[in-house]
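Scroll down for the structure; my scribbles are underneath it.
What you are looking at is a predicted structure, and each value in this text was computed from that prediction instead of being measured.
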Amino acid sequence: MASLLSSVEISGITGTFEDIFDTFKRTIVIHKEPTKVVATPSSGMLFGYGDDSNQPNYTYTPRSGSYFAKISYVERRSDDPYIRELTSRVENDLVRIKVKENAKNYINDGKTEKVTFDNKTFKIAGNEIVKNFLGSEFYIYYLEETT
């Protein structure tokens, strides 16, 4: 089947999408659930050991990663509390981020606790939405600001 666009035209158009993303991208920090590191096995659970032997023997190592995203603050009318792509009720104003596959993989791998940028903290409000145009893929997430 013939295509309306040649491969050179498709490459040019998708290159323009990449250029737009690169022009307006900003750094966001994605915070994951911290990793629990156990220093030594606890012997406090064994018979004959006192309470002093049951000291905390673990630490939490924070995990986060910096990624690029195109950030858009979504203005929502007060009479329209539904965002069509989310198919759920959203109480607060939303922020839409567009990320590439490496950021999507980091967000989806394990528990994402928060996303920070603009000196604000956000939580993810739903799953990603894939935007594919002529083979160029970006991933959209909606975020809600937390206090």
Exercise. Please test H31 against T116 for side chain to side chain contact (heavy atoms under 4.5 Å, CB included), starting from the C-alpha separation and ending with a verdict.
Key: CA-CA 8 Å; H31 300 269; T116 57; 3.1 Å; yes
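- Looking at K32, its side chain does come within 3.5 Å of a backbone N or O of Y106 through a donor-acceptor pair.
- Proximity of a side-chain donor or acceptor of T146 to a complementary backbone N or O of T121 within less than 3.5 Å is detected.
- Using a 4.5 Å cut-off between side-chain heavy atoms of Ile, Leu, Val, Met, Phe, Trp and Tyr, with links allowed through other members, V130 and Y141 fall into the same hydrophobic cluster.
- Residues F21 and K98 come closest through the heavy atom pair CE1-O, 3.2 Å.
- Counting heavy atoms from C-beta on, the side chains of I97 and I140 never come closer than 4.5 Å.
- Looking at heavy atoms from C-beta onward, P34 lies in side-chain contact with E113 at the 4.5 angstrom threshold.
- Linking Ile, Leu, Val, Met, Phe, Trp and Tyr residues whenever their side-chain heavy atoms come within less than 4.5 Å places I129 and L94 in a single cluster.
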Quiz item: Under the side chain to side chain contact (heavy atoms under 4.5 Å, CB included) criterion, do I71 and I28 qualify, and how do the steps go?
Solution: CA-CA 9 Å; I71 301 167; I28 63 171; 3.8 Å; yes
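- Taken to the nearest 0.5 Å, the NZ atom of K70 stands 8.5 Å off from the CD1 atom of I20.
- Closest approach of E128 and Y139 over heavy atoms only: CG-CD2, 4.1 Å.
- Note on V99: it clusters hydrophobically with Y73, by side-chain heavy-atom contacts below 4.5 Å among ILVMFWY residues.
- Checking each of V29, T27, I30 against Y67 for a side chain to side chain contact (heavy atoms under 4.5 Å, CB included) leaves exactly one that passes, namely I30.
- With a 4.5 Å cut-off on side-chain heavy atoms, R26 and F68 do not count as touching.
- Within the 4.5 Å cutoff, side-chain heavy atoms of R63 are placed close to those of T35.
- Side-chain N or O atoms of K104 include none that pairs as donor or acceptor with a backbone N or O of F138 at under 3.5 Å.
- Using bins of under 30°, 30° to 60° and over 60° for the plane-to-plane angle, the ring pair F122/F117 lands in the parallel bin.
- Exactly one of V115, N127, T112 qualifies for a side chain to side chain contact (heavy atoms under 4.5 Å, CB included) with I107. That residue is T112.
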